[in-house]
Amino acid sequence: MKFGGTSVADIERIRNVARHVKREVDAGHEVAVVVSAMAGATNQLVAWCREASVLHDAREYDAVVASGEQVTSGLLAIALQAIGVTARSWQGWQLPIITSGAHASARILGVNGSELLKRMRECREVPVISGFQGINKDTGRITTLGRGGSDTSAVAIAAAIEADRCDIYTDVDGVYTTDPRVVPKARRLDRIAFEEMLELASQGAKVLQVRSVELGMVHQVRIFVRSSFDPPDKIDAHKNNPPGTLICDEEELVEQQVVTGIAFSKDEAQISIRAVQDKPGVAAAIFGPLADANINVDMIVQNVSADGATTDLTFTVPAADFERAKETIASAKSQIGYMRLDGATEVTKVSVIGVGMRSHAGVAAKAFRSLAERGINIRAITTSEIKFSVLIDAVYTELAVRTLHTLYGLDKS
Ligand code: ADP
Ligand code: ASP
Ligand code: MG
């Protein structure tokens with residue numbers, strides 16, 4: 001059972017979480033719990049690091065931001081004990097949860113779940129584990145898994161203890177066809193395939209951290225997204241169908257629609273290089289230095305040159321890397337050879353996702369027509385087997401998402 005920040009935002013909500021846990025324990029289940037920091041706590045800790053120094057040591061950043069989850073794991077253990085459930089808190093390093101050394105975005109390399117299992121079995125003790133954090137074994141330093149990383153902690157622990165299911169309790173009662181806060185007509189999905197959830201998450205739906213879905217897929221953990229605001233005492237822990245969304249293998253999907261969901265991301269920036277030399281080696285001269293600078297390039301559009309000499313090339317990078325990307329290109333200008341560098345940050349990438357696209361033609365064409373009818377200009381397009389994305393002006397984000405949501409029949413009736 002994993003509880004996100006809003007679900008543990010204050011003591012009353014932590015008590016509510018404790019009642020959810022007690023319900024499962026009383027039903028005879030062996031449960032391990034993972035918690036996030038209280039809502040807003042991580043943002044505050046990040047802000048303090050920046051205030052202390054803009055260019056801070058990532059190892060110390062981790063020491064600071066990991067503390068939010070330490071608070072909630074202790075508090076939940078106390079709340080559980082108070083209602084008669086045997087419980088204790090665990091920090092990442094105590095299990096340990098071993099990670100890579102990439103501070104602030106570390107990857108889990110291994111989780112030792114043996115002590116947890118032993119205590120769950122022998123003493124019926126509920127472990128309450130701090131999400132988001134681990135330890136780099138080589139240096140002994142605390143690491144964190146990137147924003148939203150408690151989801152990944154939960155799935156990794158579920159895999160390590162061979163749990164039947166990993167329940168992710170959050171502030172919505174499942175995964176929706178798009179962000180329900182933006183589109184009120186969004187519909188809850190009963191099931192979604194791992195591949196689709198992976199695309200939704202990577203294209204901007206922050207309901208689950210991308211890495212948690214990857215881990216679930218690889219280790220075959222059944223992930224169930226549900227709400228912590230459903231009254232704990234009204235749920236029958238023996239019944240297997242509380243409201244929520246099961247993330248599962250494609251074969252387990254009951255009804256298959258062509259489009260499953262729509263995601264959007266405002267954290268994009270566009271860079272266009274005008275009048276680039278159209279000759280072999282130019283793409284390498286542009287994207288090599290960007291790769292060396294650790295900048296992720298997403299969409300790439302290159303025109304076929306009309307005059308045989310020069311062309312335009314457009315690509316997107318994370319908004320946070322925009323300035324750095326422009327500087328990187330500018331400093332390689334003599335090797336690349338171009339006339340002008342243009343950029344835009346007020347852009348959004350809207351992505352339409354569904355495994356049904358594999359076997360249906362013309363899915364994207366429909367969207368292009370419909371966006372054109374609304375006067376929304378498309379700056380760039382990418383497609384893959386089960387997804388296509390368009391880059392548009394940010395002001396049209398909501399209009400575009402709502403238009404496509406209706407177009408593909410996703411609106412709730
Ligand atoms: P937690 O603190 O529990 O980890 P998050 O804020 O990280 O919660 O994730 C839940 C939020 O994700 C929801 O409140 C919702 O606004 C947002 N969200 C974005 N896309 C979706 C989607 N397709 N389905 C459900 N929620 C979504
Ligand atoms: N508290 C961390 C964050 O806000 C991890 C999480 O909530 O999943 O990113
Ligand atoms: Mg989250």
Side-chain angles (χ1 to χ4, degrees), residues 1-9 13 17 20 34-47 49 61-62 64-73 92 104-106 108 129-134 143-157 166-190 192 196-213 223-229 243-245 247 259-267 350-354 397 401 404-405 410 412:
M1 303 174 79
K2 178 260 172 177
F3 295 91
T6 327
S7 308
V8 293
R13 290 203 181 152
V17 163
H20 276 291
V34 174
V35 285
S36 293
M38 288 174 163
T42 310
N43 286 348
Q44 175 61 262
L45 295 168
V46 171
C49 289
Y61 165 94
D62 275 351
V64 175
V65 298
S67 67
E69 273 72 9
Q70 174 158 354
V71 172
T72 41
S73 60
S105 58
I108 294 181
I129 303 141
S130 299
F132 187 46
Q133 52 167 270
T143 52
T144 63
L145 309 176
R147 298 306 305 268
S150 296
D151 298 326
T152 303
S153 312
V155 175
I157 287 161
C166 178
D167 281 4
I168 306 275
Y169 287 79
T170 180
D171 56 3
V172 274
D173 60 357
V175 177
Y176 279 66
T177 46
T178 192
D179 191 339
R181 287 196 216 177
V182 173
V183 180
K185 283 184 188 159
R187 194 157 40 82
R188 192 184 68 224
L189 298 160
D190 287 333
I192 182 170
E196 294 173 319
M197 191 64 231
L198 202 55
E199 289 284 8
L200 263 188
S202 12
Q203 301 307 323
K206 67 162 193 165
V207 56
L208 286 178
Q209 199 195 36
V210 180
R211 185 80 186 117
S212 71
V213 188
I223 303 173
F224 189 63
V225 179
R226 57 193 294 183
S227 170
S228 69
F229 299 127
T245 303
I247 298 153
V259 169
T260 306
I262 298 174
F264 53 91
S265 161
K266 296 185 179 177
D267 301 325
V350 179
S351 306
V352 175
I353 293 138
T397 308
V401 174
L404 299 179
H405 199 265
L410 298 176
K412 72 174 165 215

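Residue numbers start at 1 and run along the sequence shown. Numbering of ligands and ligand atoms starts at 1, following listing order.
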Nitrogen or oxygen atoms of Gly148 and ligand 2 under 3.5 Å apart: yes

Might you point out which heavy atoms bring Ala104 and Tyr61 nearest each other, and give the distance in Å? CB-CE2, 3.7 Å

Tell me which protein heavy atom sits closest to atom 13 (C) of ligand 1, plus the residue, atom name and distance to 0.1 Å. Asp171 OD1, 3.4 Å

Using distance alone, determine whether Leu200 and ligand 1 share an N or O pair under 3.5 Å. no

Ligand 1 contacted by Gly174 (non-hydrogen, < 4.0 Å): yes

Is any side-chain heavy atom of Val172 less than 4.5 Å from a side-chain heavy atom of Arg181? no

Flag Glu69 as yes when one of its N or O atoms lies below 3.5 Å from any N or O atom of ligand 2, and as no otherwise. yes

Heavy atom under 4.0 Å from ligand 1: found in Val172's side chain, backbone, both, or neither? side chain

Got an N/O contact under 3.5 Å between Lys2 and ligand 1? yes

Will you find, in the side chains of Thr143 and Asp62, an N or O donor that is under 3.5 Å from an N or O acceptor? no

So, for Ala201 and Leu208, which heavy atoms are closest and what is the spacing to 0.1 Å? CB-O, 3.5 Å

Closest non-hydrogen atom pair between Ser150 and Lys2, with its separation: CB-CE, 3.7 Å

Taking only heavy atoms of Ser36 into account, list the atoms of ligand 2 that are under 4.0 Å away from them. 6 (C), 7 (O), 8 (O)

Has the side chain of Thr72 got a donor or acceptor atom that lies under 3.5 Å from a matching backbone atom of Ser36? yes

Ignoring hydrogens and angles, state whether a donor on the side chain of His405 or Thr177 is under 3.5 Å from an acceptor on the partner side chain. yes

Looking only at side-chain N and O atoms, does Tyr169 offer a donor or acceptor that is under 3.5 Å from a partner on Arg226? yes

How does Gln209 reach ligand 1, if at all, at less than 4.0 Å between non-hydrogen atoms: by side chain, backbone, both, or neither? neither

the protein heavy atom lying closest to atom 27 (C) of ligand 1 turns out to be Val207 CB, 3.7 Å

Does an N or O anywhere in Ser36 fall below 3.5 Å from an N or O of ligand 1? no

May I ask you to identify the nearest protein heavy atom to atom 1 (P) of ligand 1, giving residue, atom name and distance to one decimal place in Å? Thr170 OG1, 3.6 Å

Filtering Asp179, Val175, Ile168, Leu189 for the heavy atom nearest atom 21 (C) of ligand 1 leaves Asp179

Can you find an N or O of Lys2 that's nearer than 3.5 Å to an N or O of ligand 2? no

Would you find a donor on one side and an acceptor on the other, under 3.5 Å apart, between the side chain of Ser212 and the backbone of Thr152? no

Suppose we measure from atom 7 (O) of ligand 1 to each protein heavy atom; which comes out shortest, and what is that distance? Lys206 O, 3.6 Å

Geometric N/O contact Thr177 with ligand 1, under 3.5 angstrom: no

If you compare all heavy atoms of Val46 against all heavy atoms of Arg147, which two are closest, and at what distance to 0.1 Å? CG2-NH1, 4.0 Å

Can a donor-acceptor pair be found, under 3.5 Å and without considering hydrogens, that links the side chain of Gln133 to the backbone of Thr144? no

Which residue and non-hydrogen atom of the protein lie closest to atom 14 (O) of ligand 1, and at what distance in Å? Arg181 NH2, 2.4 Å

Heavy-atom side-chain contact between Ser153 and Ile129 under 4.5 Å: no

Please report the shortest heavy-atom distance between Arg13 and Thr6, naming the atom on each side. NH1-O, 2.9 Å

Report yes or no: does Gly261 have a heavy atom closer than 4.0 Å to ligand 1? no

Which ligand 1 atoms, with their elements, are less than 4.0 angstrom from a heavy-atom of Ala205? 20 (N)

Quick one: does Gly149 get within less than 4.0 Å of ligand 2, heavy atoms only? yes

Here the pair of heavy atoms bringing Pro180 nearest to Ala186 is CA-CB, 4.0 Å

For Arg147, the atoms of ligand 2 under 4.0 Å from one of its heavy atoms are 3 (C), 4 (O), 9 (O)

Indicate yes or no: does an N/O atom of Tyr176 lie under 3.5 Å from an N/O atom of ligand 1? yes

Atom 2 (O) of ligand 1: the protein heavy-atom neighbour that sits closest, reported with distance to 0.1 Å: Gly5 N, 3.1 Å

